[in-house]
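Data block below; observations after.
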Amino acid sequence: MLKFSRGIDQDRAATAGGLQQIAFARGAAAAAQPSRLPTLVATAATVAVLYFARDVFLPLAIAILLTFALAPLVSRLRRVGCPRSVAVIGTVTTAFLFLSAFGVVIAMQVSEVAQNLPTYQYNIVEKVRTLKETGSESQILERIGRVIERISTEISRPEPEMRASPEPAPEAKPLLVEIFSPQRPVETLKNIINPLLGPLATTGLVIVVVIFMLFEREELRDRFIRLVGYGDLHRTTEALQDAGARVGRYLLMQLVVNITYGIPLAIGLSLLGIPNAVLWGMLAIVLRFVPYIGPVIAAALPLFLAFAAAPGWSLLVWTAALFIVLELLSNNVVEPWLYGSRTGLSPLAIIVAAIFWAWLWGPVGLVLSTPLTVCLVVLGRHVPQFEFLEILLGNEPVLDPKERLYQRLLAGDPDEATDNAEDMLEEKYLVEFYDTVAIPALLLAERDRARGALTNAQAAQIAQSANTLIANLEEIAGEEEGEEETGAEAQESDGDDDADEYDLPPGDGKSVLCVGGRSDLDDVTASMLAQTLWIQGADAAHAGHEVLKAGNIKALKLEGRNAVVLSVLDRDFMRHAKFTVRRLKRMAPAARVGIVLWQEDGRPGTTERDQLIESLQADFMVFGMGDAVREALSDELPRSLKLAHPKIAPGYAMRRSKRADRRSTVKAD
């Protein structure tokens, strides 16, 4: 007994030392974590510079994005054998000639629409008049309302005062006269050229920058690596490749999607008789680069023209139907087929980014919002200081499934936890969900409880929500029970030699009792294990940890049980597990008694596990759901219980007492 107490003291001292080391390590990590204030200040300063120096940075941003888009074409021409100068100049010239032709066609179409607008005036006036007449439910009520309004106006009007003498005639005001003088040819030419100087200068600057960036692409890459990430070449190279691939793929795929949308739109509008159908198709190609807002604008203009061009309403209806069909095909067929959601941005982030860049750089920033935000997400993915950008703007889950489940259980929301579980159960079985998501979530709760961050009330709330989750998943468990036989036959017919971690044995004819170790959270794990055994066809039941107390354990019904499994989350339970296992084995000598010490990582090796089994005198000890089910349904015989001390020979105690009496008598004499 003295040795056992010393061993316990040593274990407690070791545990206390380990906890102190963990606390020291956490404190050191917290102290070493850099402050986010410099990053936020740098971000605010960068936004201010981009806003006030937009005349400089806007052409550079356009040039960089065009470089990303044209770089794959240049690289492909280089691989074919074209010289660098021919590949760069040819690609840039072709691209800007195409853009110029595109702009000229749009300008010509816009001027034609402006000339034809007066011809649509009569149709617009007639339709507005028709809508006004049909918008009122009853013309009589409208007239009655006008009469009442006039009567009330006359009643409230004050009486005019009697004037003694007529007022003098008002003085005549001078007329304003504006003198027009014919302009000189030089002034006329200046008025035409001045508005064009800014866009032409910006376009020329963009062309020159794109050419030099394509020529010096490798040199610029090396200089950027040397400036930013020379100490971590791997991360910097990966970031550059990721940004280039994402932005280039987005621009190319979005262009293909817009073309596959704009050409059928122009053809359809032309067949319907909408004037300037080519213009609306080309505008749709450009405006769809603007997320969410662009398609609405691209559809609003042709719909207005359909409203104004024909006296009836059929043209407007057919035009709206054409846009609806094209949007459905583009969003549900073409886009998922070509690139899906490879930008890595969440839908809300795309909207917020569009608002931000439109405020920063105007309409051009609205068009460039998505590719620029993609670059920011890539920056946050590879640079730790800007990780918050990926968290705020990215579309990847920021919480692991286990952390998300733990948060929902902690918030007392088992309904959302059930919805998330059902989404995951569409791709995995219940046993896998319990083993990889639910049990790790409870392990997080147990760790918070052990370090004092979780109160008893919160732990009880988590246990209650988890039990509700298990009850909600009972229907899915019943469906899997029906699928079990079919799944086993399919696996036998496939003849797959690879061992499946969750290929579990049938439990027909087996009776298993699952008992929680020492807390409400352990009771939840015992319930999960019992439900999994029930799916396998076993007669499984579960009991709470309260039944293991000295006054309650005798009430356990262990007759006919093939196995009794203790479900434990806390390692400290191992100090007292030996007495519980011995007592259960005495009560049910024909049952296999084992322990499931739930561990997600850091599981002991085979040798250490065998030593634990030997010291606890358990029949088995496992650390995961799959192994627990296999051991609980195993056909192995239980091991015999070894006594803690050897039996005392008959009469030995009596002889020992007589010797003691004689010694005391001699001493007295």
Side-chain angles (χ1 to χ4, degrees), residues 65 69 98-99 102-103 105-106 109-110 113 120 127 131 246-310 312-358 363-374 393 395:
L65 294 178
F98 175 78
L99 293 176
F102 193 87
V105 173
I106 289 181
Q109 294 287 321
V110 168
V113 170
Y120 307 138
K127 288 185 177 180
L131 291 174
R246 283 179 179 270
V247 175
R249 183 173 57 244
Y250 166 75
L251 293 175
L252 180 60
M253 292 298 102
Q254 188 65 49
L255 178 61
V256 174
V257 170
N258 294 356
I259 290 175
T260 57
Y261 180 92
I263 293 177
L265 177 63
I267 296 173
L269 293 177
S270 178
L271 294 177
L272 291 176
I274 300 296
N276 306 101
V278 176
L279 171 64
W280 312 125
M282 299 177 72
L283 283 179
I285 294 175
V286 176
L287 291 174
R288 282 180 65 86
F289 277 101
V290 180
Y292 299 108
I293 305 173
V296 176
I297 300 175
L301 297 176
L303 288 175
F304 174 77
L305 196 59
F307 172 79
W313 297 93
S314 60
L315 183 60
L316 179 62
V317 173
W318 283 108
T319 304
L322 175 63
F323 275 102
I324 292 173
V325 171
L326 288 178
E327 285 291 338
L328 291 176
L329 291 176
S330 178
N331 295 333
N332 298 302
V333 178
V334 179
E335 290 185 5
W337 176 48
L338 288 177
Y339 66 88
S341 58
R342 294 180 183 176
T343 57
L345 301 179
S346 64
L348 180 60
I350 293 176
I351 297 175
V352 174
I355 297 173
F356 172 76
W357 291 108
V364 180
L366 188 63
V367 176
L368 302 179
S369 61
T370 300
L372 290 175
T373 310
V374 169
L393 304 175
N395 62 347

Looking only at heavy atoms, which two atoms of [X] and [Y] are closest? And how far apart?
X	Y	result
Ala266	Ala277	O-CB, 3.5 Å
Leu303	Leu316	O-CD1, 3.4 Å
Ala353	Thr373	CB-OG1, 3.0 Å
Ala284	Ala298	CA-CB, 3.8 Å

Euclidean distance, Ile263 CD1 relative to Leu326 CG, rounded to 0.5 Å
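Answer rounded to 0.5 Å: 12.0 Å.
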Just verifying a value: how many Å separate Arg288 CZ and Leu283 CG, rounded to the nearest 0.5 Å?
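That separation rounds to 13.5 Å.
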Whether Trp280 side chain and Ala299 backbone form a donor-acceptor pair below 3.5 Å
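Between the backbone of Ala299 and the side chain of Trp280 there is no qualifying donor-acceptor contact (under 3.5 Å).
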Is the closest side-chain heavy-atom distance between [X] and [Y] below 4.5 Å?
X	Y	value
Ile285	Leu265	no
Ile274	Leu315	yes
Phe323	Pro302	yes

Candidates Leu372, Leu366, Leu368 - the one meeting side-chain contact (heavy atoms from CB on, under 4.5 Å) with Trp357:
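One option only clears the test, and that one is Leu372.
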